[in-house]
Amino acid sequence: MKIISNPVELKEYLKYKKESIGFVPTMGALHEGHISLIKKAKEENELVIVSIFLNPTQFLKGEDLDKYPKKDDADKHICKLSGVDVLFFPHSYDIYGDDEVSLSAPNVRGYVLEGTSRPSHFNGVLTVVMKLLNIVNPTRAYFGKKDAQQLNLISLMIKQLFMSTLIVPVDTVRENDGLALSSRNVYLSSSERKDALKISASLHSAGIMVSKNILDSKEIIKKMREVLSPLEIFYVEILNRDFEQISHVEIGNTVILVEAKAGTTRLLDNIWL
Ligand code: AMP
């Protein structure tokens, strides 16, 4: 496995490659969720490139940038074992200069859900993903459905900026008890982890209601809020795949999303129906 930190060097290395390239951008502290993205990229492409970059511009002041888990050696080992061809491991100064050009998230879709309480978050996400895609120029890029709003905005960026990378959504990997894997789960104490299970349980209860043909969004959200109680809830939303609110679940075109706090940790989860 080749490890490259300089974007120009990576571009030079890839310049004459004719193979299809699968790209998996991450912020490190890799877990089985990330590994499933890498596996899918391996299945569908001749070369696989993973980036590990803790992107400062997507963190707001006072968020967890400084304490975000760092596991550089373990991450390198996981990438090697997973058959990654190139690990792109830049420093912040490799990616950002001083007086920066940057992207803005769309005024509506970028400022709902997570964008409500983290207003500049998606500007940072879109800017870094744009930079990474321009450096790697992959055939396909792999993103988790767990970060559904991020996936939606990146797909929108690809379409609206006429970019040619194919975005591949990947299913959420969970612990056996339902908790969605996240690098931030290490922040949870054992009692907070128990609380956090209410998030996947609320989505499970929504799934059961839908299987009984109860499709009314208000009714489902009411039940989910009961299951989530007493967690601090940021949102429970039932949206179509264009991220518009819908009064009834439409099978094949619905995402149910939750963000809630366990202890001091904000956790996201969702199901796609
Ligand atoms: P992160 O390192 O948190 O920025 O995540 C890198 C990529 O992994 C993003 O596309 C995430 O959506 C995806 N990801 C994170 N957690 C999971 C999970 N539990 N299952 C599948 N993909 C995930």
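Both counts, for ligands and for their atoms, begin at 1 and track the order of listing. Worth knowing before you read on, the calculation uses all heavy atoms, side chains too, and leaves out hydrogens, waters and symmetry mates.
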Does [X] pair with [Y] as a salt bridge, N-O distance under 4.0 Å?
| X | Y | answer |
| --- | --- | --- |
| Asp177 | Arg193 | yes |
| Glu219 | Lys223 | no |
| Arg174 | Glu32 | no |

Report yes or no: is the cationic atom of [X] (NZ for Lys, CZ for Arg) under 6.0 Å from the centre of the six-membered ring of [Y], at an angle within 45° of the ring normal?
| X | Y | answer |
| --- | --- | --- |
| Lys67 | Tyr187 | yes |
| Lys70 | Tyr68 | no |
| Arg266 | Phe234 | yes |

Any Arg174 heavy atom less than 4.0 Å from ligand 1 =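 So Arg174 does not count as touching ligand 1.
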Check [X] against [Y] and note the closest heavy-atom contact, atom names and distance.
| X | Y | result |
| --- | --- | --- |
| Ala180 | Asn185 | O-ND2, 3.0 Å |
| Ser202 | Met224 | O-CG, 3.4 Å |
| Ile52 | Asp75 | CD1-CB, 3.6 Å |

Only heavy atoms of [X], strictly under 4.0 Å: list the atoms of ligand 1 that pass.
| X | value |
| --- | --- |
| Thr172 | 19 (N), 20 (N), 21 (C) |
| Leu181 | 16 (N), 17 (C), 18 (C), 19 (N) |
| Pro25 | 6 (C), 7 (C) |
| Phe143 | 10 (O) |
| Thr26 | 2 (O), 6 (C) |

Counting heavy atoms only, which of Val170, Asp171, Leu179 is nearest atom 21 (C) of ligand 1?
->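 Shortest heavy-atom distance from atom 21 (C) of ligand 1: Asp171.
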Tell me which one of Leu37, Val50, Val24 gets a heavy atom nearest to atom 22 (N) of ligand 1.
->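 Selected option, by shortest heavy-atom distance: Leu37.
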Just let me know how [X] lines up against ligand 1, side chain, backbone, both or neither, with a heavy-atom cut-off below 4.0 Å.
| X | value |
| --- | --- |
| His34 | side chain |
| Ala29 | neither |
| Glu32 | neither |

For [atom], closest protein heavy-atom neighbour:
| atom | answer |
| --- | --- |
| atom 12 (O) of ligand 1 | Asp147 OD2, 2.6 Å |
| atom 4 (O) of ligand 1 | Met27 CG, 3.5 Å |
| atom 20 (N) of ligand 1 | Val173 N, 2.8 Å |
| atom 10 (O) of ligand 1 | Gly144 N, 2.9 Å |

Check the surroundings of atom NE2 in His31: do more than 12 heavy atoms from other residues, nucleotides or ligands lie under 6.0 Å from it?
->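 Above 12, so yes.
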